[in-house]
Amino acid sequence: MKAPIGIFDSGIGGLSLLPAISELLPQENLIYLADQAFAPYGQKTESAILKRTQQICDQLVKMECKLIVVACNTVTTQVIDQLRAEFTLPFVGIEPAIKPAAQQSKNKIIGVLATQGTLQSTLYKQSAFRYAAACKIVEKPGTGLVDHIEKGDLQSRDLCRLVEQSLRPMIDEGIDTLILGCTHYPLIRSLIEEFLPKEIQIIDNSHSVAKQLQRKLVEQCLETTTTEPGQITYYSTARHHHMDVFVNQSIDYLPL
Ligand code: DGL
């Protein structure tokens, strides 16, 4: 049995990273854990997120994961340093892709759509200061978006209204680059594109996370050496959820 890579998010958002990860590392076994009993994380306090994610990481360690991917910007930007300090296995996180956005933006006006927790975090602010000091950054919390996506709603009228409300101020400020700074948002990328003028480019860093994961596996000598295809096992901490809108296989209930 190959030791799996554990991947977790507050809910289904982290699923947006799986295509890039499976494409780059098709032999790896993956465990995807959606903490839907405690979702959304975006407006929870840092201490509540830390306590909950410690429990999740304990669980992934019990499942013999060799590495943990924090498939959540809110968790990465707030508590990944504490998790790294507490657990001995390696971590890979995801945070808003400020550096590539600053490099790719022509007019140096960048929009960041993320949760309130991410936008208020020290790590996010440091990255913005370090990599985009020459840019104007228009930040907007995607209030309510995660709740709709978690219900499997990808196109209702209410969701469209919220997407438009989030994007409008950024479009009005003249952004030419939009960072999707929450892993849930790529799941409604086509809806976002409907409201976004064509010339605005969208930055979604799932491929950079997959590459970073590959580098970390090599660096720590943790890549699987077998050639048979890896399996993905899905768990949710909620008994009732809408993950089957996105996942075409059984999802195990994991009370936590
Ligand atoms: N998908 C998460 C992120 O990337 C968390 C969203 C939430 O639970 O509010 O930030």
Side-chain angles (χ1 to χ4, degrees), residues 6-21 32-53 55-57 68-83 91-98 101 111-125 127-128 139-154 159 162-163 166 178-189 191-192 202-210 212-213 234-238 241-243 245-247 256:
I7 303 174
F8 79 91
D9 178 41
S10 62
I12 53 186
L15 295 175
S16 65
L17 299 181
L18 293 191
I21 293 177
Y32 186 87
L33 197 163
D35 187 19
Q36 292 174 296
F38 202 71
Y41 284 180
Q43 287 176 304
K44 297 220 156 59
T45 62
E46 190 175 307
S47 60
I49 291 174
L50 179 60
K51 197 165 159 224
R52 184 66 181 177
T53 53
Q55 280 177 277
I56 291 190
C57 292
I68 293 179
V69 177
V70 178
C72 176
N73 293 261
T74 310
V75 175
T76 303
T77 54
Q78 295 192 82
V79 301
I80 199 167
D81 288 342
Q82 287 102 304
L83 295 174
F91 282 81
V92 169
I94 180 166
E95 54 184 297
I98 293 279
V112 184
L113 188 62
T115 66
Q116 186 180 306
T118 296
L119 294 175
Q120 287 174 351
S121 69
T122 308
L123 190 64
Y124 165 74
K125 286 185 185 151
S127 297
E139 295 161 355
K140 201 72 189 125
T143 312
L145 299 182
V146 169
D147 304 86
H148 281 270
I149 299 167
E150 281 297 320
K151 286 185 201 136
D153 168 16
L154 306 179
L159 178 62
L162 288 178
V163 168
S166 305
L178 172 67
I179 299 173
L180 300 184
C182 167
T183 51
H184 280 75
Y185 304 159
L187 301 175
I188 53 161
R189 185 179 172 128
L191 185 62
I192 290 174
I202 295 180
I203 308 263
D204 147 23
N205 50 356
S206 58
H207 290 279
S208 351
V209 173
Q212 172 62 12
L213 169 59
Y234 295 91
Y235 295 95
S236 175
T237 58
H241 54 75
H242 298 88
M243 201 151 127
V245 171
F246 299 92
V247 176
L256 257 192

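As the structure lists them, so they are numbered: ligands from 1, and atoms in each ligand from 1.
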I'd like to check which ligand 1 atoms, numbered from 1 as shown, lie under 4.0 Å from a non-hydrogen atom of [X].
X    : value
T115 : 6 (C), 9 (O), 10 (O)
G42  : 7 (C), 8 (O), 9 (O)
S10  : 5 (C), 6 (C), 7 (C), 8 (O)
D9   : 1 (N), 2 (C), 5 (C)

## Note on the structure
Value for CG (D153) from CG (D147), rounded to nearest 0.5 Å, stands at 10.5 Å

### Task
Quick one: pull up CG in L180 and OG in S206 and give me the separation to the nearest 0.5 Å.
10.0 Å

Is the contact between [X] and ligand 1 made by the side chain, the backbone, both, or neither, using heavy atoms and a 4.0 Å cut-off?
X    : value
V146 : side chain
N73  : both
T74  : both

### Query
Do E139 and Y124 get their side chains close enough for a donor-acceptor pair, meaning under 3.5 Å?
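The answer is yes; a qualifying pair exists.
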
### Pair T76, E95: side-chain N/O donor-acceptor within cut-off below 3.5 Å
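Side chains of T76 and E95: no pair found under 3.5 Å.
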
### Task
Begin with the C-alpha distance, continue with both residues' side-chain angles, and end with the deciding distance and a verdict on side-chain contact (heavy atoms from CB on, under 4.5 Å) for V70 and T53.
CA-CA 9 Å; V70 178; T53 53; over 6 Å; no

### Message
Can you tell me if A39 contacts ligand 1 (heavy atom of the residue under 4.0 Å from the ligand)?
### Response
no

#### Entry: I149 and I188: CA distance, side-chain angles, deciding distance, side-chain contact (heavy atoms from CB on, under 4.5 Å) verdict
CA-CA 8 Å; I149 299 167; I188 53 161; 3.9 Å; yes

### Identity and distance of the protein heavy atom lying nearest atom 7 (C) of ligand 1
Y41 N, 3.3 Å

### Task
Decide yes or no on side-chain contact (heavy atoms from CB on, under 4.5 Å) for F8 and C57, but give the supporting numbers first.
CA-CA 9 Å; F8 79 91; C57 292; 4.0 Å; yes

